[in-house]
Structures are given as C-alpha cells and as structure tokens.
Amino acid sequence: MDVLMLSRLQFAFATFIHFIFVPLTLGMSFIVAVMETKYVRTGDETYKRMAKFWGKLFLINFALGVVTGLTLEFQFGTNWSRYSAFVGDIFGSLLAIEATAAFFLESTFVAVWVFGWNKLSPKAHAACIWIVAFAANLSALWIILANGFMQHPVGYVIQNGRAELSSFLDVLTNGYAWNEYFHTVTGSWALAGFFVVGVSAVHLLRKSDIDFFTKSFRVGAAFALIFTILVALVGHRQGNIVAELQPAKLAAMESHWTTQKNAPMYLLAVPDPAKEGNSIEIGRIPSMLSLMAFNDPSATVKGLKDFPAEDRPPVALTFGAFRLMVGLGTLMLVLAVLAFIARHKPAESSPRLLKILVWAIPLPYIALQAGWAVAEVGRQPWIVYGLMRTKDAVSPLAVEQVAISLAAFFVVYILLAALDIFLLAKYARKTPA
Amino acid sequence: MDLGTTWFILWGVLWAIYFVLDGFDFGIGMIRPVVSKSDTDTRIMYNAMGPFWDGNEVWLITAGGVTFAAFPKTYAVMFSSLYTPLMLLLFSLILRGVTLEFRSKVDSAGWRKLWDTCNFLGSFLPALLLGVAFANIFKGVPIDQDGILQGNLLTLLNPYGLAGGLLFVALFAHHGALWLAFKSEGDLRDRAMGLAGKLWPVVAALVVLFLAMSWGMTPLFTNYLVHPILFAILLVPVAGLLLTCKYRRAGRALAAWVGSALLIGGAALFGVVGIFPALLPSSLNPAYSMTIENSASTPLTLSIMLGVALVFVPIVIIYQFWAFHTFRHPVTQDDLDYDEAY
C-alpha cells in the first residue's frame with residue numbers, strides 16, 4: 001500500500017474510534033444537565049443520584065473523546081501537510097477557534113463539575129454541567145463548520161497557490177455545514193437517549209431500583225423520540241442539499257447510474273461499478289428518487305455515468321452505508337415510539353421490549369458511523385469538494401513511517417475502545433449509589 | 001507591530017503557557033515512583049492534578065491550532081517532518097490521559113500498577129520528546145526546500161537535542177514536585193519539598209549547560225547579539241530560578257512553584273525570541289526555513305483570529321484561574337473519600 005492509502009486508513013480509523021466516544025458526550029451532557037436541574041428545582045435526591053450515575057458513564061467516555069481528538073487535530077499536519085498548507089488560512093482558523101472558544105470551556109468546567117459537588121452551591125454546580133453541554137455542542141459546531149468547508153467550500157479565493165479567506169461570514173453561514181451540524185447533533189442526542197433507555201432497561205429487567213430507572217427511562221425515551229424524529233427530518237433536508245451541491249455523492253448513495261427524469265428508487269440494489277450499473281435491482285419505486293432528492297417527482301437526477309470515472313466516489317461503500325443509516329434510523333424510530341409509549345411504567349411493559357431496547361444500544365452508534373462514512377467516502381475523490389483531490393493532499397512521508405503509526409493506532413485504539421466498553425458495561429450494571 | 005509578528009509572539013506565549021501548566025502534571029507523573037510510599041500517596045498525587053490536567057492539555061491543542069491557523073505552512077512542514085517523534089508524543093499523551101480516568105475504576109492491585117506504569121511513561125516521554133523537539137527547533141532542523149526532513153528520529157537525538165530533552169525532564173520534575181508540595185500535607189509534602197531541593201542544582205546545572213551549548217552549537221544568540229537589549233528576557237528565567245530556590249527554602253511551596261513557572265515560561269520565550277522570525281529554522285539553508293513571511297495566513301485571517309484571541313484568551317485565563325482557586329486546598333483524606341476522586 002502507498003502512503004496515500006495508509007494515511008487515508010489511518011485518518012478514517014482514528015475518526016471512527018473518536019466518533020464512538022463523541023456522540024454520547026454530546027447528548028449525555030444535556031441529559032445529565034436536565035437531571036441535575038430537576039434535582040435543583042425539586043430537591044428530589046433521586047435526580048441527584050441520577051446525575052451522578054449517568055455522569056460517571058459520561059465521564060468515562062469523555063476522557064477517551066479528548067485523547068483521541070488530540071491525535072485528529074495533529075494528523076492534518078502530520079499526514080495531510082499539503083492539504084494543511086492549502087486550506088490552513090480557513091480550515092486552521094476554525095480548529096483554533098474551536099479550541100479557544102469551546103474546548104477550553106468544556107474541559108475546564110467538566111473538571112469543576114466532577115470535583116465540585118461539595119465545593120459549589122447546587123445552582124452553581126448545575127450551571128457547570130450546562131456550560132459543559134453547551135461547550136461540547138459548540139465545539140462540534142466549529143469542527144463541522146471546518147468539515148463543511150471540505151464538503152462545500154465557500155468564502156475563499158484561490159491565490160498564491162492556496163485557498164485564501166475572502167469572507168469569514170460566508171464560512172460561518174455555510175448552509176451545508178449548518179444542516180450537517182444539526183444532522184450530527186440530533187443523531188448524537190438520539191444516541192444518548194437510546195443509551196439511557198437501554199441501560200435503564202437492563203436494570204428494570206432485574207427489578208433493581210425501579211423508581212430510579214423508571215425516571216431515567218422516561219428522560220431517555222423523551223430524548224430518543226424527539227431526536228430520532230428530528231434527525232430524520234434534518235436528514236431529508238441533508239439529502240436535498242447533497243443533491244444540489246454534491247450530485248456525484250447523491251448518485252453514489254443511490255447507486256444511480258443513468259441521468260433521468262422521474263428517477264426511481266430501489267429498495268435493494270447491488271452496484272456493479274465495472275459494468276456501470278446494478279447487477280440486481282429489487283423493489284422499484286417509480287419517481288421516488290426524484291421526489292426524495294428534489295421534492296419533485298419529475299425532477300432530473302444526474303447519474304454516475306455522467307461523471308468522469310476519476311470523479312466518482314466509491315459506489316458500493318457509499319451506497320451500503322447510506323442504506324444502513326436509513327434502515328437503522330427507521331428501526332430506531334419504531335423503537336423510540338415503543339419506548340415512549342412504555343415510559344410511565346416501563347417495568348410493567350413486556351420484558352421482550354426491554355430486552356430489545358438493551359440490544360438497541362449499538363444501533364444509533366452504527367447509524368452514526370454509517371452516516372459519517374456516507375459524508376466522507378461520498379466526498380471522494382475530493383478532500384475539498386471540487387477544489388483539491390485527496391491524492392494531492394497527502395504528506396511526503398516514507399511508507400514505513402505511516403505503516404508503523406497505523407499499526408500503533410490500530411493496537412492502541414482497539415485496546416482503548418475495548419476498555420471503554422468494558423468500563424461502561426461495568427459501571428452501567430452497578431447499582432446506583 | 002505587524003500582524004505576523006504579533007502572532008509569532010502569541011504563538012510563543014501559548015507554548016510557554018502550555019509548558020508551565022502541563023509541565024507540573026508531567027512532573028508529578030515522573031516523580032511518583034520516587035516520592036510515593038503508599039497507594040494513598042499515589043492517589044493524593046493523582047488528585048493533585050485531577051481537576052487541572054484536562055484544561056492544561058487544551059493549551060497544547062490551542063498552540064497546535066494556532067500554528068495551523070496563523071502559520072499553516074509551518075504547521076504542515078513542522079508536523080510532517082517531525083512525524084515519528086510527534087506520533088510518539090501523541091501516543092504518550094493518550095497514555096497519560098487515560099491512566100487518570102482508568103486507574104481507580106477497577107479494584108485490583110495489578111490493574112493500578114499497570115496504569116501507574118503507563119502514567120510514568122505518559123509523563124516522562126512527553127517531557128523528553130518536547131524537550132528534544134524544541135531544542136532541535138532552536139538549533140534548526142535539516143529540512144530541504146520541499147519541507148522534507150533529511151534524516152530520521154536519530155538525527156534529532158543529537159547531543160544538543162538530548163540536552164534539551166534532559167533539561168525539560170528536570171524542569172518538569174522540579175515543577176511537579178513543587179506543585180505536589182503545595183497540594184499535599186505532612187510526610188508527602190516534606191518528601192516533595194526535599195526532592196525539589198535535590199532537583200534544583202540539577203536544573204540549575206542543566207540550564208547553564210544548555211545555554212552554553214546553545215552559544216557554541218546553535219545560532220540561537222544571533223538576535224540577542226544584534227539587539228543586546230533582548231538579553232533582558234533572560235532575566236525572567238534567571239529570576240525564576242533564584243526565586244524558586246529562595247521560596248522553597250522558606251517552605252513556601254506555591255511561591256516556589258510560581259518561581260519555577262517563571263523559569264519554564266521565560267526559558268521557552270528566550271528560545272522563541274532567538275529563532276525569530278523563523279518558526280522552524282532549517283539547518284541546511286536559511287532559505288528553506290519556515291518563517292513568518294513565507295508561512296503566515298492572510299492578513300484577514302490573522303486579524304479575525306486576533307480578535308478571537310483578544311476576546312477569549314483573557315476569559316479562558318479568568319475561568320481557569322477561578323478553577324485553580326476553587327481547588328487550591330491540599331488534597332486530604334476527605335478528598336480521597338469523595339466518590340469522584342481518582
């Protein structure tokens with residue numbers, strides 16, 4: 001393998017593992033904040049115990065999110081130096097602002113929150129977790145504004161051999177980025193909701209601390225339902241934006257080869273890039289693709305054959321990941337409705353539902369990873385859409401250097417992820433203090 | 001002062017703040033095997049940095065981010081040419097970060113021992129690597145006209161680079177001992193103070209050695225000889241070195257720590273001013289150096305970033321100071337019994 005492929009694998013792997021930890025912290029910080037606020041308002045000690053119990057699970061994840069995020073920032077310089085030099089004027093500033101205006105806030109106040117239960121007044125202490133939740137989600141905004149520039153570059157001019165900033169306002173108001181942001185955070189909040197519901201279900205099945213876990217279940221179910229609906233709505237809008245701004249990605253997401261009006265959608269298809277078509281197509285829904293992409297059943301949808309071969313994203317991966325995301329999203333919606341219906345007395349609902357909800361914990365994780373794969377793989381072969389190809393972005397490194405670091409990433413990150421899951425499972429099963 | 005120079009100085013200041021803050025975390029990790037006599041001691045040591053290390057580390061993320069934003073070409077060349085040491089640094093920082101979170105999560109002596117070892121490595125390696133890296137930057141790195149390093153990890157482990165590494169290790173160990181003394185009581189405090197006393201002459205000797213080697217082996221003093229007034233900067237680390245000794249002898253741990261902070265911060269700034277206007281000097285040919293001029297972002301980006309920095313950095317300093325103030329007390333048994341303690 002060459003340096004390009006190794007660097008791509010390394011970045012994809014590092015992001016994949018980082019993104020196991022981050023979504024939970026985005027949503028869980030708000031869930032904990034809601035619980036602690038209930039405690040401050042009502043004085044009900046159960047809510048304080050809830051904030052502590054769920055806070056602990058949040059923190060185990062948080063530490064891993066931090067350390068794995070560190071390597072991502074530095075990898076732009078180490079592995080993608082040509083890219084860094086090309087877009088640093090814009091992309092770099094967004095990362096720097098993220099650290100200065102959001103990440104400092106998050107890291108400082110999370111520590112005050114952890115160690116400050118006896119040092120601060122209840123109100124000040126609750127304020128800390130709200131700051132953490134706000135800062136975590138603000139941090140995500142800056143990162144996604146940076147990613148949004150890679151997806152849909154705006155506010156720049158090409159000058160002196162690089163992309164130079166021409167309008168910071170355009171970069172900040174990038175429509176692609178904002179929708180991508182809401183799609184990501186609503187997905188992350190839904191994930192946190194499912195996590196709380198699933199862990200509560202474990203305890204409800206064992207009939208331990210029913211009051212505590214019924215209340216937790218209720219909060220989690222509300223989050224899961226609200227945000228599963230929102231993530232779908234925002235996701236549909238994301239599809240429209242992709243159709244307009246990244247037609248090659250849309251065509252890959254649907255394995256749509258021939259440009260046509262009233263483009264149909266297939267429930268199941270097997271892409272065959274060598275033959276520029278699909279070897280199997282099942283479940284044809286006439287005009288559905290045109291309708292979903294442009295909200296107009298007769299709209300023309302550009303097919304992959306109308307893009308030069310070197311400008312087409314990997315079809316099978318993009319298509320498969322997209323189907324997986326949408327399929328899991330639909331399943332999550334059904335489960336979220338069932339959990340919401342059962343929320344008042346979940347312990348008295350069917351054990352089968354509770355068991356399914358336990359097994360549903362990984363679903364939003366997989367859906368989010370798949371969504372990320374659609375966004376990033378579907379953008380290929382561009383690192384900055386239409387501006388810079390991924391192959392022109394890589395650092396001039398020796399193959400051994402990257403091969404060794406990739407191996408190290410692989411070993412260390414797998415161990416970290418395994419430890420994280422082990423500790424989460426251990427603490428999730430504990431009876432709350 | 002033009003925007004480029006302003007950002008150059010801010011860049012140096014950010015690294016200096018990072019060394020001062022995370023330096024004591026690394027120091028505590030490094031001296032733990034020597035100072036800790038029991039699991040309780042070890043827990044006190046972890047909790048002495050518990051509320052701070054994460055916020056401290058963000059200064060590194062900011063220093064990295066600012067390099068990217070203000071000097072993208074430098075960021076690209078520096079991080080890709082120092083690929084292997086940087087990867088080592090990142091992995092050791094990961095190790096350091098997770099040890100704090102993991103150590104107390106499973107009640108087993110073997111588990112704790114494993115993470116204690118990792119914590120030592122995750123503290124010693126960053127200190128050493130940062131020292132080696134910055135000494136090499138002060139000396140100039142063999143990068144060619146394409147920004148590619150002509151050499152490997154061993155090239156960086158030259159005598160001057162190693163002297164820088166040892167200096168950082170000693171500086172941070174001393175710094176950590178003083179912080180621990182400030183955050184602990186009784187025997188542990190006495191041992192930490194005693195160790196700081198033993199480390200001080202080592203630090204002082206290494207500072208003198210490093211300055212002498214810089215004089216003989218690097219162009220670091222060129223700017224100073226052109227503008228002798230700049231030698232005044234040296235007063236900061238020298239004053240820090242003397243004050244830290246004076247206050248330690250008086251038993252004032254916090255004041256001694258502030259002296260050590262002046263020493264570390266002043267030493268970093270001394271080096272940064274020495275390489276101006278390059279951020280990454282090339283030892284092959286000055287024309288290959290990454291400088292303010294050939295690597296800075298556009299004036300528009302630099303001024304937007306300056307606005308952001310002028311608003312947010314003071315705010316960050318205020319709330320971090322508040323956080324330090326909130327947890328300024330010595331770590332006691334009460335703190336260890338606290339359910340969130342490490």
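By convention in this document, chain letters (A, B, ...) are assigned in the order of the sequence lines, proteins followed by strands, and residues within each chain are numbered from 1.
In this structure, the portion of Val412(A) lying under 4.5 Å from any heavy atom of chain B is its side chain and not its backbone. Heavy-atom distances place both the backbone and the side chain of Tyr319(B) under 4.5 Å from chain A. Heavy-atom distances place both the backbone and the side chain of Leu105(A) under 4.5 Å from chain B. With a 4.5 Å cut-off on non-hydrogen atoms, Glu400(A) does not touch chain B at all. Looking at Leu165(A), both its backbone and its side chain come within 4.5 Å of chain B, counting heavy atoms on both sides. When heavy atoms are compared at a cutoff of 4.5 Å, Glu101(B) approaches chain A solely by way of its side chain, counted from C-beta outward. Only the backbone of Ser166(A) comes within contact range of chain B, with at least one heavy atom under 4.5 Å from a heavy atom of that chain. Using a 4.5 Å cut-off between heavy atoms, Phe109(A) touches chain B through its side chain atoms alone. Proximity to chain A (any heavy atom under 4.5 Å) is shown, for Ile61(B), by both the backbone and the side chain. Proximity to chain A (any heavy atom under 4.5 Å) is shown, for Leu60(B), by both the backbone and the side chain. With a 4.5 Å cut-off on non-hydrogen atoms, Ala408(A) touches chain B through its backbone and its side chain both. Heavy atoms of Trp80(A) lying under 4.5 Å from chain B are absent altogether. Residue contact with chain A, scored on non-hydrogen atoms closer than 4.5 Å, involves the backbone and the side chain of Ile94(B) alike.
Counted by atom type alone, Asp335(B) and Asn47(B) present zero donor-acceptor pairs between their side chains at under 3.5 Å. Side-chain polar atoms of Tyr46(B) and Ser104(B) form no donor-acceptor pair below 3.5 angstrom.
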Inset, instruction - Output, in order, the C-alpha distance, side-chain angles, deciding distance and verdict of salt bridge (Lys or Arg N to Asp or Glu O under 4.0 Å) for Asp392(A) and Arg82(A). - result: CA-CA 7 Å; Asp392(A) 299 325; Arg82(A) 304 275 197 241; over 6 Å; no

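Across Gly55(B) and Thr108(A), no two heavy atoms sit closer than the pair CA-OG1, 4.4 Å. Minimum heavy-atom separation, Leu121(B) to Leu95(B): CB-CD2, 4.3 Å.
Interface check for chain A: of the options Phe312(B), Trp322(B), Trp59(B), Phe71(B), the most heavy-atom pairs under 4.5 Å are formed by Trp59(B). With respect to chain B, the highest number of heavy-atom pairs below 4.5 Å among Thr71(A), Leu94(A), Leu120(A) belongs to Thr71(A). Put simply, of Val112(A), Leu95(A), Val110(A), the one with the most heavy-atom pairs under 4.5 Å next to chain B is Val112(A). For chain B, the option among Phe76(A), Phe168(A), Phe74(A), Phe86(A) with the highest count of heavy-atom pairs below 4.5 Å is Phe74(A).
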Donor-acceptor pairs are to be reported for all side-chain atoms of residues 419-433 of chain A against protein atoms at under 3.5 Å, with residues two or more places apart or in another chain.
unit_1    : atom_1 : unit_2    : atom_2 : d
Tyr427(A) : OH     : Lys105(B) : O      : 2.9

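Legend: residues meeting side chain to side chain donor-acceptor pair (under 3.5 Å) with Asp22(B), ordered by chain and number and at least two apart, are Tyr18(B), Arg96(B).
Contacts with chain A (heavy atom to heavy atom, under 4.5 Å) involve these residues of residues 288-305 of chain B, listed by number: Ala296(B), Ser297(B), Thr298(B), Leu300(B), Thr301(B), Ile304(B), Met305(B).
For the ring-ring contact (aromatic ring centres under 6.0 Å, His included) criterion with Phe91(A), the lone passing option out of Tyr83(A), Tyr156(A), Phe149(A) is Tyr83(A).
Note that CG of Leu24(A) is 4.5 Å distant from CG of Asn61(A), once rounded to the nearest 0.5 Å. Here OH of Tyr75(B) is found 5.5 Å from CD of Glu73(A). Values are rounded to the nearest 0.5 Å.
Residue pairs meeting the salt bridge (charged side-chain N to carboxylate O under 4.0 Å, His left out) criterion with at least one member in residues 49-59 of chain A, sequence neighbours excluded: Arg49(A)-Asp209(A), Lys52(A)-Asp339(B), Lys56(A)-Glu340(B).
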